[in-house]
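Here the structure comes first, spelled out in structure tokens, and everything after it is commentary.
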Amino acid sequence: PNFLISGSDNGNIQLYDVGLMQSSKPPTIYRYEDFEHLTSVHINCLDETFLVSGYSNDVGLYDLKVGRKLQTFKALHNQHINVVKFANHSPTIFA
């Protein structure tokens, strides 16, 4: 399957099935719990989880395949976290 994840600055995060975009079926697979002031979405190398960050000092961790937030890491930084990413070859380390 070909999937697309999107995030918007209003906090909306959705996973789409690209194959359904030209059919009569709705392409949205999941609509995840919102993350306010979203600026960054990054999926790990195993396509299992993704991180989000934004104009806050928190980071959200979501389960890509189940469609829910796993954890919010509160106050990880003194200022906002514009971009957060997983390490290229490690699915559990992020910076």
Legend entry - Inter- and intrachain pairs under salt bridge (charged side-chain N to carboxylate O under 4.0 Å, His left out), touching residues 19-31, at least two apart: R31-D34
Inset, instruction - For D47, check salt bridge (Lys or Arg N to Asp or Glu O under 4.0 Å) against everything at least two apart and list the hits. - result: none
Inset, instruction - Taking salt bridge (Lys or Arg N to Asp or Glu O under 4.0 Å) as the test, write out the residues that go with K74, two or more places apart. - result: D58
Inset, instruction - Work out which heavy atom in P27 is nearest to a heavy atom in L20; give both atom names and the distance. - result: CA-CB, 3.9 Å
Inset, instruction - Check the hydrophobic clustering (I, L, V, M, F, W, Y; side-chain heavy atoms under 4.5 Å; chains of links allowed) and say if I81 and F94 are grouped together. - result: yes
Inset, instruction - Quick one: closest heavy-atom pair of H80 and G54, and the distance? - result: CB-O, 3.6 Å
Inset, instruction - Looking only at non-hydrogen atoms, find the nearest pair between Y30 and K65 and report the distance. - result: OH-O, 2.7 Å
Legend entry - G19 versus D17, closest heavy-atom pair with distance: N-OD1, 2.9 Å
Legend entry - Contacts of type side chain to side chain contact (heavy atoms under 4.5 Å, CB included), residue E48, not counting sequence neighbours: N44, L46
Inset, instruction - Tell me, please, which residues at least two apart from S24 pass side chain to side chain contact (heavy atoms under 4.5 Å, CB included). - result: none
Could you give the side-chain donor-acceptor pairs of residues 3-10 under 3.5 Å, partners two or more places apart or in another chain?
| residue | atom | partner | partner atom | Å |
| --- | --- | --- | --- | --- |
| S8 | OG | N10 | OD1 | 2.4 |
| N10 | OD1 | N12 | N | 3.1 |

Legend entry - Least distance between heavy atoms, F35 atom then G60 atom: CE1-N, 3.6 Å
Legend entry - salt bridge (Lys or Arg N to Asp or Glu O under 4.0 Å) against R68, all qualifying residues, sequence neighbours excluded: none
Inset, instruction - Kindly write out the residues that satisfy side chain to side chain contact (heavy atoms under 4.5 Å, CB included) with L61, not counting sequence neighbours, or none if the list is empty. - result: T49, L51, L70, F73, F86
Legend entry - Parallel, tilted or perpendicular: rings of Y32 and F50 (30°, 60°): perpendicular
Legend entry - All side-chain hydrogen bond (donor to acceptor under 3.5 Å, both in side chains) counterparts of T28, not counting sequence neighbours: Q14
Inset, instruction - Identify the heavy atoms of S53 and N82 that sit nearest to each other, and give their distance. - result: OG-O, 3.6 Å
Inset, instruction - Apply ring pair (Phe, Tyr, Trp, His ring centres under 6.0 Å) to H42 and list each qualifying residue two or more places apart in sequence or on a separate chain. - result: none
Inset, instruction - Not counting sequence neighbours, which residues clear salt bridge (Lys or Arg N to Asp or Glu O under 4.0 Å) with E33? List them please. - result: K69
Legend entry - Flag if over 12 foreign heavy atoms under 6.0 Å of CD, Q71: yes
Inset, instruction - Would you confirm whether H77, through its side chain, and Q79, through its main-chain N or O, come within 3.5 Å as a donor-acceptor pair? - result: yes
